[in-house]
Amino acid sequence: MARDIVCLSHLRWDFVYQRPNHLMARAARDRRVFFVEEPVLETAADPGLRTSVREGVTVVTPVLPDGLDEGETEFALDALMDRLFRTERIDRPVLWYYTPMALPWTIRLAASVVVYDCMDYLAGFRGAPRRLLELEDALIRRADLVFTGGASLHRRMTGRHADAHCFPSSVDLAHFRRARGERPEPADQAAIPRPRLGYAGVIDERLDLDLIDGVAAARPDVSIVLVGPIVKIDPADVPARPNVVRLGLKPYAELPDYLAGWDAGWMPFARNDATRFISPTKTPEYLAAGLPVVSTTIHDVVEPYGRLGLVTIADRADETIAAIDAFAAGRRPAAAAVDRFLATGSWDRTWAAMAELLDESVGREAAAARSRLRVSGRLGVGPVPAAPALD
């Protein structure tokens, strides 16, 4: 029977639907999955756990009283994890980390395998915790497997872990291909004039707001549609021109309806520490939806999408406008070429490859445990203790 997975995430399940959701929902098809979010703080609350089920995944939200210091927070979370393991009878699960910040309060948990799925360079994000890089080093030392969300992140792991594997952003093809057919126009998008240049994702320090403003100013006839939550930046900093329309966070299930009404997909990313290693999930999602795509020079977009002619690369407003006009004139990648490329990168295939590596690692751990027991039995002593997880 497949090992339970306890996933420690910096992202909430009900936030923008992305890599952790895709992978853990697939993992839950043949095993128990507990998705542990970062704690919520409430005045005068007693420490506790709130649970709900999403797509077969048990989402666990720790609740802590406001005002605890760092040490008290870690002590309380450690106790809550003990409670979760006892209550759910979790025994030596796969510990799957998205955030190194969870390491201090999970370090005592016995695991069959430890996975670090590095989906972003979190230290480059605005407001990154001061201990993040230190804890990431410790997590890499503890991990049995390291997965990375793109080629740039994989290069960063070169020489740091002997069993690191690159799994770039994938796509749910069936979901986004719905946008290629007739879809009901969402009520809040129906009245927006066309042509529409759309972005779907988090609106934060990773976006080039000056570029968005420049394109909007130069082409007032083009509607720029922004779908997603605004976080970590002042909403007033997002261009407020008449042709820039913010629609807010939308459920993942509704995204094909919005993308079906766009004329092109846009990835107006800034070039900064927060975008240095990103591999945007929206690249294959836009393409699967049948959209021509224009992006700034993000490395994991340029290679392979730009090199293969699947995405147009444009950093300046005039270059972006030229791309929009080329799309309108019918100059866009052939759908057959797009589909051939996307067929190699579905989330189903990605999870299947990860699960195979996971099963191999679990098997090696089990064999090593049996070997330790045989040695201790011959010597007449108890089981050989594992080495400390942290230096």
Side-chain angles (χ1 to χ4, degrees), residues 16 18-19 119-122 124-126 149-156 168-169 171 195-219 222-233 237-239 241 243-246 259 262-289 291-328 331-333 338 341-342 345:
V16 174
Q18 47 193 303
R19 183 183 183 96
M119 64 175 283
D120 277 312
Y121 179 58
L122 297 179
F125 286 19
R126 184 175 297 180
S152 294
L153 287 168
H154 190 256
R155 281 192 298 275
R156 182 173 171 263
S169 295
V171 63
R196 299 172 186 153
L197 179 63
Y199 167 84
V202 179
I203 300 166
D204 59 12
E205 75 274 17
R206 290 172 293 177
L207 290 196
D208 188 335
L209 300 179
D210 290 337
L211 176 60
I212 295 172
D213 189 59
V215 172
R219 288 296 295 271
V222 174
S223 296
I224 297 173
V225 182
L226 304 177
V227 172
I230 300 174
V231 300
K232 294 188 290 182
I233 63 172
D237 291 339
V238 180
R241 296 183 182 275
N243 58 327
V244 179
V245 185
R246 311 177 206 171
L259 271 60
W262 297 355
D263 297 284
W266 194 17
M267 294 187 291
F269 288 113
R271 273 76 68 209
N272 56 32
D273 285 346
T275 62
R276 185 175 161 200
F277 296 101
I278 63 172
S279 177
T281 305
K282 56 190 57 56
T283 316
E285 291 176 347
Y286 289 169
L287 291 171
L291 292 170
V293 182
V294 58
S295 171
T296 53
T297 50
I298 297 303
H299 185 278
D300 285 10
V301 179
V302 174
E303 177 59 47
Y305 296 97
R307 175 177 57 81
L308 295 174
L310 304 179
V311 169
T312 300
I313 305 300
D315 286 329
R316 302 194 311 265
D318 61 333
E319 294 172 335
T320 305
I321 290 165
I324 297 168
D325 290 340
F327 298 155
R331 296 193 295 276
R332 57 179 66 193
V338 169
F341 179 84
L342 294 178

Which heavy atom in [X] sits nearest to a heavy atom in [Y], and how many Å separate them?
X    : Y    : result
S279 : G149 : CB-O, 3.1 Å
V301 : P280 : CG2-CD, 3.7 Å
G309 : P333 : O-CG, 3.4 Å
K282 : Y199 : CE-CE1, 3.6 Å
A317 : G214 : CB-C, 4.0 Å
D315 : L211 : O-CD1, 3.6 Å

Who pairs with [X] by side chain to side chain donor-acceptor pair (under 3.5 Å), at least two apart in sequence or on another chain?
X    : value
R241 : D213
R219 : D221, D325
N243 : none
R156 : E136

Who passes side chain to side chain contact (heavy atoms under 4.5 Å, CB included) against [X], sequence neighbours left out?
X    : value
P284 : V171, Y305, L342
V16  : Q18, V202, P229, L249
A323 : V294, T312, F327
A270 : D208, N272

* To do: Please collect all salt bridge (charged side-chain N to carboxylate O under 4.0 Å, His left out) contacts where either partner lies in residues 295-306, sequence neighbours excluded, each pair once.
  => E303-R307
* From the options V293, V338, V311, select the one residue that forms a side chain to side chain contact (heavy atoms under 4.5 Å, CB included) with Y286. => V293
Donor-acceptor contact below 3.5 Å, side chain [X] vs main chain [Y]:
X    : Y    : answer
R19  : M119 : no
R246 : V244 : no
T296 : P268 : no

* To do: For D318, check salt bridge (charged side-chain N to carboxylate O under 4.0 Å, His left out) against everything at least two apart and list the hits.
  =>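 Result, salt bridge (charged side-chain N to carboxylate O under 4.0 Å, His left out) vs D318: R316.
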* Test salt bridge (charged side-chain N to carboxylate O under 4.0 Å, His left out) applied to D204 - qualifying residues, sequence neighbours left out ->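 Result, salt bridge (charged side-chain N to carboxylate O under 4.0 Å, His left out) vs D204: R206.
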[atom1] of [X] to [atom2] of [Y]: how many Å apart, nearest 0.5 Å?
X    : Y    : atom1 : atom2 : result
F269 : T275 : CZ    : OG1   : 8.0 Å
I230 : I203 : CD1   : CD1   : 5.0 Å
K232 : E205 : NZ    : CD    : 4.0 Å
S223 : L197 : OG    : CG    : 9.5 Å

* To do: Starting from the C-alpha separation in whole Å, work towards a yes-or-no answer on side chain to side chain contact (heavy atoms under 4.5 Å, CB included) for I278 and D120.
  => CA-CA 6 Å; I278 63 172; D120 277 312; 3.9 Å; yes
* To do: Please report the C-alpha distance between D263 and V222 in whole Å, then the side-chain angles of each, then the deciding distance to 0.1 Å, and finally whether the side chain to side chain contact (heavy atoms under 4.5 Å, CB included) criterion is met.
  => CA-CA 10 Å; D263 297 284; V222 174; over 6 Å; no
How about [X] and [Y]: do any of their side-chain heavy atoms sit closer than 4.5 Å?
X    : Y    : answer
I224 : V245 : no
W262 : L291 : yes
V227 : L259 : no

* **Residue list, ring-ring contact (aromatic ring centres under 6.0 Å, His included) with Y121, at least two apart or on another chain** =>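 Applying ring-ring contact (aromatic ring centres under 6.0 Å, His included) to Y121 gives F277.
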* To do: Dump the intermediate steps for side chain to side chain contact (heavy atoms under 4.5 Å, CB included) on I212 and W266, then the final yes or no.
  => CA-CA 10 Å; I212 295 172; W266 194 17; 3.9 Å; yes
* Give the C-alpha distance, both sets of side-chain angles, the deciding distance and a yes or no for side chain to side chain donor-acceptor pair (under 3.5 Å) between H299 and R155. => CA-CA 12 Å; H299 185 278; R155 281 192 298 275; 3.2 Å; yes
* To do: Take L310 and F341 through the test side chain to side chain contact (heavy atoms under 4.5 Å, CB included) and record every step on the way to the result.
  => CA-CA 9 Å; L310 304 179; F341 179 84; 3.7 Å; yes
